[in-house]
Participant: 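Sharing a structure here in structure tokens format.
Order of the sequence lines fixes the chain letters, A, B, ..., with proteins taken first and strands second; residue numbering starts at 1 for each chain.
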Protein chains: 2
Amino acid sequence: MNEKDDFALQDFLPYLLNRAAEESSLGFQKHYKNRYGMLRTEWRVLFHLGNYGQMTAKEIGSRAKIHKTKISRAVAKLSEKRFVTRTRDENDRRAEHLALTPAGEAAYKDLREHALEFDTRICARFTTGEVAILRYMLRNLAGIEP
Amino acid sequence: MNEKDDFALQDFLPYLLNRAAEESSLGFQKHYKNRYGMLRTEWRVLFHLGNYGQMTAKEIGSRAKIHKTKISRAVAKLSEKRFVTRTRDENDRRAEHLALTPAGEAAYKDLREHALEFDTRICARFTTGEVAILRYMLRNLAGIEP
DNA sequence: GGATATTAGTTGTTTTTGTAACTAACAAGG
DNA sequence: CCTTGTTAGTTACAAAAACAACTAATATCC
């Protein structure tokens, strides 16, 4: 019996965080997967564009801490699906500005609605205060400014 | 500007959880990766065996909610590294009991030490009460009995 | 202006994962 | 026993991720 040791696997935060993240993602995943054939990165890119408006791949990458190759491929897929448009920056012709098409906007709004519902359902298990603490701590752990 | 809408991406729990999980895993990952050439699943299997003692692949899978193929491959690698032994169950010759070798035990203890340290460092950013709430909530979200 | 370094984004190749189909051992019902 | 069903674990193949090398545009500094 090693369980008497004052450190158990189930208390290890990276472990707990990963398990909770996986579990919580599962339920929402099927919305963007089954319904729009999206991958997680695609959904994140879509959400960033919908949430913050037009921006470049670079910007999305640094905001969401996603590697540029992943974004590049996600944008290619979203563009195929006619969810985003890509327009070259006239001043710096390496960069391109990504924006949602009406179809992309619609998908975003639909998914956003489901996300909100999903989030609400999760939060319902806890008190308002607990949820506030959780969000604050997760933002801190994720390295996102409050 | 969509930011006025009462739902922002940074507040979406699955997103926050994933970001926090990734971020928090990064620092610890290098211990088992660089030092023992392990993958995440390998480290989890090692930890389960070290923490709870001998058990079968099936048991690890249901405890940690890891798919059996992942475990199968992790066990194969750990066995190659001479960190675990596999002994057939005499009563049910399909199952095999996994246990740590002395080398596996040593690796486990070393990693466990680092994990503990790592965990402590993370927790230091918050109050004891906050950490308790976080753990309680994550266990709940992860579907682990309190 | 021209060599050199950076940067935005892409493409190619290797690992790792996910999924499905498989083997071998056991279990139950007839 | 002997079909049918179930379970523990493996293997094979497809999807996705990680990593490195690449192109093309821009910036720097002499």
Participant: Near DNA chain D, which residues from residues 75-82 of chain A have a heavy atom under 4.0 Å away?
Facilitator: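 Close to the strand, none.
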Participant: Using chain B heavy atoms and a threshold of under 4.0 Å, write down where along DNA chain C the contacts begin and end, 5' to 3'.
Facilitator: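 Terminal contacting nucleotides, 5' to 3': C:dT16 to C:dC26.
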Participant: Once you apply a heavy-atom cut-off of 4.0 Å, does A:K68 come out as touching a base, just sugar-phosphate, or nothing?
Facilitator: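 Since a base atom lies under 4.0 Å of A:K68, the category is base.
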Participant: Could you tell me whether A:R82 atom CZ has more than 12 heavy atoms of other residues or ligands within 6.0 Å of it?
Facilitator: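 Result for CZ/A:R82: open.
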Participant: Quick one: is B:S72 getting a side-chain N or O under 4.0 Å of the D:dG9 phosphate, OP1 or OP2?
Facilitator: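 Checking D:dG9 against B:S72, no side-chain N or O comes under 4.0 Å of OP1 or OP2.
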Participant: Within this structure, what is the NE2-to-C1' distance between B:H67 and D:dG9, rounded to whole angstrom?
Facilitator: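 Taking NE2 of B:H67 and C1' of D:dG9, I get 11 Å after rounding.
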Participant: Which residues within residues 94-101 of chain A lie with some heavy atom under 4.0 Å of an atom in DNA chain C?
Facilitator: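 Close to the strand are A:R94, A:A95, A:E96.
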Participant: Can you check whether B:K68's main-chain N or O pairs, donor with acceptor, with B:S72's side chain at less than 3.5 Å?
Facilitator: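 It does not hold such a pair.
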Participant: Just list the side-chain donor-acceptor pairs under 3.5 Å for residues 37-48 of chain A, sequence neighbours left out, or say none.
Facilitator:
{"residue": "A:R40", "atom": "NH1", "partner": "B:N18", "partner atom": "OD1", "Å": "3.0"}
{"residue": "A:E42", "atom": "OE1", "partner": "A:K81", "partner atom": "NZ", "Å": "2.7"}
{"residue": "A:E42", "atom": "OE2", "partner": "A:L39", "partner atom": "N", "Å": "3.3"}

Participant: Taking any heavy-atom pair under 4.0 Å as a contact, classify B:I71: base, sugar-phosphate, or nothing.
Facilitator: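 B:I71: no heavy atom of the nucleic acid under 4.0 Å.
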Participant: Taking side chain to side chain contact (heavy atoms under 4.5 Å, CB included) as the test, write out the residues that go with A:R135, two or more places apart.
Facilitator: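 Testing A:R135 for side chain to side chain contact (heavy atoms under 4.5 Å, CB included), a comparison that skips the adjacent residues, returns A:D119, A:C123, A:V131, A:R139, B:D11, B:L13, B:L16.
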Participant: At a heavy-atom distance below 4.0 Å, what parts of residues 85-93 of chain B sit against DNA chain C?
Facilitator: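 B:N91, B:D92, B:R93 - these, ordered by number, are the residues of the stretch whose heavy atoms sit under 4.0 Å from the strand.
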Participant: Scan B:T69 against the nucleic acid and name what it touches under 4.0 Å (heavy atoms): base, sugar-phosphate only, or nothing.
Facilitator: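 Base, at least one base atom sits under 4.0 Å.
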Participant: If you take the centroid of each ring, where Trp contributes its six-membered ring, are A:F28 and B:F12 closer together than 6.0 Å?
Facilitator: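 Yes, they do, as the ring centres are separated by less than 6.0 Å.
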